Structures are given as structure tokens and as C-alpha cells.
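First up is the structure itself, then whatever we jot down about it.
Values in this document were obtained by computation on a predicted structure and should not be read as measured data. FYI, side chains are in, hydrogens and waters are out, and symmetry mates aren't considered; it's all heavy atoms of this structure. Throughout, a chain's letter reflects where its sequence line sits, starting with A, and its residues are numbered from 1.
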Amino acid sequence: MAGRAARVLAVDEAEVKLLVTGRDRAVDALFDGRRIWSFWVRRDTTGRLVRRVSWPEVMRPHLRGTSTVTLREHVSDRVLWEGDLTFGDAADRGRRIEFVNKMGLEISLDKANRFSPTFSVRTQADLDPLLDAMDAVLDTLNGEGVAAFPAYGTLLGAVREGQFLGHDSDADLGYVSRFSDPVDVVRESFRLQRAVAAAGMETYRYSGAAFRVRVEEGDGIPRGLDVFGGFLDTGRLYLMGEVGTDYEPGWIHPLGTCELAGRTFPAPARPEKLLEAMYGPSWRVPDPAYQFETSERTKTQLNQWFRGSAYHRREWEREWSVARSRPLPRKGSDLARLAARREDPATHLIDVGAGRGSDALWWARRGRRATAYDFAAVGLRRAARHAGSKQLPLEVRPLNLTEWRSVLSEGARVAREPGPRALVARHVVDATDEFGRQSLGRFASMTLRGGGRLYLEFWTGGGEPDPAHLLRPLTVERVRRLVTDHGGTIQSVRELDPGAGNDARSFAVGRLVAQWG
Amino acid sequence: MGLRSRLPGGRVHELTQRVERLEADLAEVRRHNLRLAELADLVQELLLPMADQDRERIDRAIEKFQDSI
């Protein structure tokens, strides 16, 4: 049976059934001849003799209609199964299944099972802006004394195929710092982001050692160019976000070159050594469903040195991204109404952790000066657009409670503004971590030092909040202590049962009002 | 022969606790890297303009700083 990976027994609307012999290997699923998804016949399936794998949930919205489905071994191109399949009900029979995004561009799943226009469907003209951006970012980093090179999938594609990997959807750059202390590596990454932003590019920080540059391709497709920092220390290389391994400095510097999509880019002196550190010894074998097997030791080190400044941000971004087409609630929450009632009409009302911004918008509609803060910008876009079109007094600003630079700079900015203000934070202390809670206390203490109130509402443990997986219950006593530790004087504390008040709420909350100054 | 069979039960428990404490201490020390870098960056970028007391310069410095984080 050597060389035989799998026999496909059946393919239907729900799943693929296989008999697997021999070693594990990647299989591509093609719809009308185009690769949409890839899976490993053992790793990604369940069952003993007959192994099964369901179509990924993210594919479901697209699976209505008919298509010629092909299952093909990724490396050998051997076809394991092919046939016409209809998904959905009879009414869908006449249409072909299409995997296209809102802009009408063909999309497929990358290794993280996210849909995007993977490089396989891009032309050279589409890719030129990304290649130009790579050049521009490399130049900017060079200007800062940092010699970067294509990394991860981009280096793999360049070295193995001279091209972007067909199933990949973003581009990566990496560098090995001249510093060997994580604190200096982080400071350097901050400096590099500043230089890239000053060159007019839009950036987004993931962690203390990695940020993303937003690039638009030829036809407006947004593409991420990630810049990963690394360092060498006593014979080990650490590169954000997956590498921690014994390493020779001479395998990186002096840099050589590699070819990518017809252009020459810098490369580590021994690119194969870095590729092995990233993808293991089998990096030469193509694998569109690759999953990093980073050791626990490396994960722990990278987490503790560099991560922790974006607690649950990705989850909130996903939450608001899914909700973005839903209309905003017209009604303000009980807490928003309480603050509007209690505060003088001239008071600047500030919503910290505003989510989609419906409370701040509700204030602005009533002529109140309002600011909505959140660290997941996608949630606030609709409210900002609405306020902009109606010329409402709403300002939308980023604030990340798990990043000191954000809290302290914004705290300093607000503290210098004249006039009375009040802070409202609904489901913030129960959504962030301890660092974020202390930051909220600090932000309140900075911005309300001249006098002003803080209104808090949080889940206390009863019932089931929404979204339950992103909230952690807190006792009233713990929140009371947080506030007094930062100099607030408690004015009122209440615990409300599920159903109490006007909010349609099926869980218990604590409500606390505190005064500074 | 395993460590457990060579050490009395109380000693194994004590060593396990010590390893857990050391891991927690190490995590704490490692986490200071990011926070120290943040504070150093903040001081470097904002302290001088703030000390200058020039309102416009302070506003510009904060705005520029926030555009790049």
C-alpha cells in the first residue's frame, strides 16, 4: 500500500468519508476546478476505520448550488474523487456554487481557514502594489538600521517556487534585531512602526514585536504585510510569532538574496535554516493546510515577553465584524440614560469600551457632546458614519486599556481639555483582564482628577450574558476596591437581578457610580 | 529509578510547589519587558514636548504619537 494515502468512500453535502492508509498528507478540495480548501487526511479527520471530515463552517454560506467537486492530493496531483454535487435545496439546483467576495473577486481558504483572495487568483499587475509596498517597507526599515527580509510563507514561496504561495493570503517580513534583550526588541519595533507610519502607511500593532502594514492591491483588495521582530540570545533565535530554536548568527547575516514574483529581495544568509526552524525539516514539501507546531516553551516565552497588549481584541473584532450589517439599537442602555440624567447638559460624556457605539450615538442624538472609545475599531465604524452624515457631536477614538502607551497618552490628552466630563464603562471591567481593569482605574483617575463621575456596569455571575465567552463575572466588592484604589469615592452601588430595569437582560449586573475630585 | 520513588512524598510536593513559584516569578519578570518598553517609549516621545509647556506642540506630539501605536 506504499504511496496510497487515502480512498474516498463518499462525498456529500455534509462531509467527506475516507479510508486512510499510509502516512498523513494534504488533500485539496476543488470546486469547478478551483482550489477552495485543503485538509490533512489524518490530522483533520475523525473516526477509526472510516475517517470523516465535515466541510468547514465558513464554507457553508457559499454552499448553495451545484459544482463539480474534485478531491486531489496536493503534492502528487492524484485525483482521489470527482463528481457533481448539489448543496442546498432543489431551488438551488440550477445555480453554480461560487466562492466570491463582495467585490466579486474569487476567494479561497488560507491555512487559518479564513476566506480571502489567495495569491493563486492574483495577476502580476494585482501584486505589483504589494511588491512595491514590500520594497518601501524594507527601505524604511533599512533607514532605521534594520535589515529585514521576506519571512514565513513569503520566504517559503520565494525559496521553493520563486512566487507567493498560491494558497497564502498575506505577506510577511522578518528581521533579527541587533539587540538581545526583549525590552530593547520591543522598543525597536515601536520605533520601526513609527517610521513606517511617518512614511504614510497605515499600521496596526499585534504585539510588542509585530505589526501589520495595510497595503491595497491593484484593484483595491486590502492585504496585510506583517513585520515580525526577532533576536538572537546566547545561541538561540527567537522570531515572533512561532520560532524559538538553537541558531547560528551566520545563518542570518550577512543577508543574501531571493527571487519573488520576478523581483529580487534580501534573504537570510542560509534561508533553508530559517525555513526549517519555521516549518520543520519537510518544508520542501508543499502543504496548503500547514499548522505550526510551536513548542510550549517557545509559545510561553513569546507570550510572556511580547504579548498581552490586545486582550481578546481579535475576538471582539470578529464579534463586531459579524454584527456590522445589523442596525444599531436606537435606545440607549439604562446606564447611558442614568449618566445623561445625572450629568449637566454641558458635561462631555465619554463611553469607554463603547463596542458598536450605540450609547454614545444616543447621547449625541440628544445634542450631548460624546466620545466613543474602543480598541476594536471595526465596531465603531457604523456609528461614526452615522454621526458624520448627521453632523452629530460624536467623536470616535481608539483606546486600548491593555496598552499603557494608549491609556497614558490619551489620559494626558483628555486631562488637558477644559470642561466637565463623565466616564461610562458598561461591560468593560468584566471584559478585560486585570491589567485592563487597573488601566481603566488609572484612566479615570487621570481624566476625572479635576472632578467628575465614573459609571460602571458589569456582570456579577447570575444568568447568561451575551457574548458569554468574552465576559468574566466580578463581585461588586472587587470592583468597589478597584475604584477606591484609584482615588474614587463610591456614590452608589447596586446589584440588579436578571430582568430588572429597562435593558432586555437575562443576567445579573452590578452598577456602581463613583466620584473623583 | 524515578525521582518520585527516591524522594519522600512531602519533598516531591515541596519541589513541585517551588517549580510553580519559580515559573510564576519568571513570567512576572518576562512581562516587565513589554511594559518597560512602553514606558520608555512614552517618556522618550512625549516627555520633552510636555515639559516645553507649549500647548500646540504638546497636542501635535500626542497626535503624532497616537498615529503610530
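- Within the 4.5 angstrom heavy-atom criterion, no atom of B:Glu28 approaches chain A.
- Within the cation-pi definition used here (under 6.0 Å to the ring centroid, within 45° of the axis), A:Arg214 does not qualify as a partner of A:Tyr204.
- Between B:Glu63 and B:Arg60 there is no salt bridge, since no side-chain N of the basic residue sits under 4.0 Å from a carboxylate O of the acidic one.
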Handout entry: Verdict with reasoning, A:Ser445 to A:Arg449, per side-chain hydrogen bond (donor to acceptor under 3.5 Å, both in side chains)
Key = CA-CA 6 Å; A:Ser445 137; A:Arg449 201 161 294 184; 3.1 Å; yes
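- Taking B:Asp41, B:Leu42, B:Asp67, B:Ile62 one by one and counting their heavy-atom pairs under 4.5 Å with chain A, the maximum is reached by B:Asp41.
- Comment: B:Glu23 does not engage B:Arg18 in a salt bridge, judged by the lack of any side-chain N to carboxylate O separation of less than 4.0 angstrom.
- Residue contact with chain B, scored on non-hydrogen atoms closer than 4.5 Å, is absent for A:Glu202.
- Ranked by heavy-atom pairs shorter than 4.5 Å toward chain B, the options A:Val183, A:Val185, A:Asn303 are led by A:Val183.
- The contact between B:Glu38 and chain A is made by backbone and side chain atoms together, counting heavy-atom distances below 4.5 Å.
- Both the backbone and the side chain of B:Ile69 have a heavy atom closer than 4.5 Å to some heavy atom of chain A.
- The residue among A:Arg413, A:Arg191, A:Arg205 with the most heavy atom pairs within less than 4.5 Å of chain B is A:Arg413.
- Only the side chain of A:Arg397 comes within contact range of chain B, judged by heavy atoms closer than 4.5 Å.
- In this structure, chain A has heavy atoms under 4.5 Å from both the backbone and the side chain of B:Leu34.
- Residue A:Glu188: no heavy atom, backbone or side chain, is found under 4.5 Å from chain B.
- Cation-pi geometry between B:Arg30 and A:Phe306 is not met: the NZ or CZ atom fails to fall both under 6.0 Å from the ring centre and inside 45° of the normal.
- Only the side chain of B:Glu45 comes within contact range of chain A, with at least one heavy atom under 4.5 Å from a heavy atom of that chain.
- Taking a cutoff of 4.0 Å between a charged side-chain nitrogen and a carboxylate oxygen, A:Arg369 and A:Glu417 qualify as a salt bridge.
- Options B:Asp59, B:Leu26, B:Val29, B:Leu46 differ in how many heavy-atom pairs under 4.5 Å they form with chain A, and the most are formed by B:Asp59.
- Electrostatic pairing of A:Arg212 and A:Asp226 counts as a salt bridge here, judged by a charged N lying under 4.0 Å from a carboxylate O.
- Surrounding CZ of A:Arg416 are more than 12 heavy atoms belonging to other residues, nucleotides or ligands, all under 6.0 Å away.
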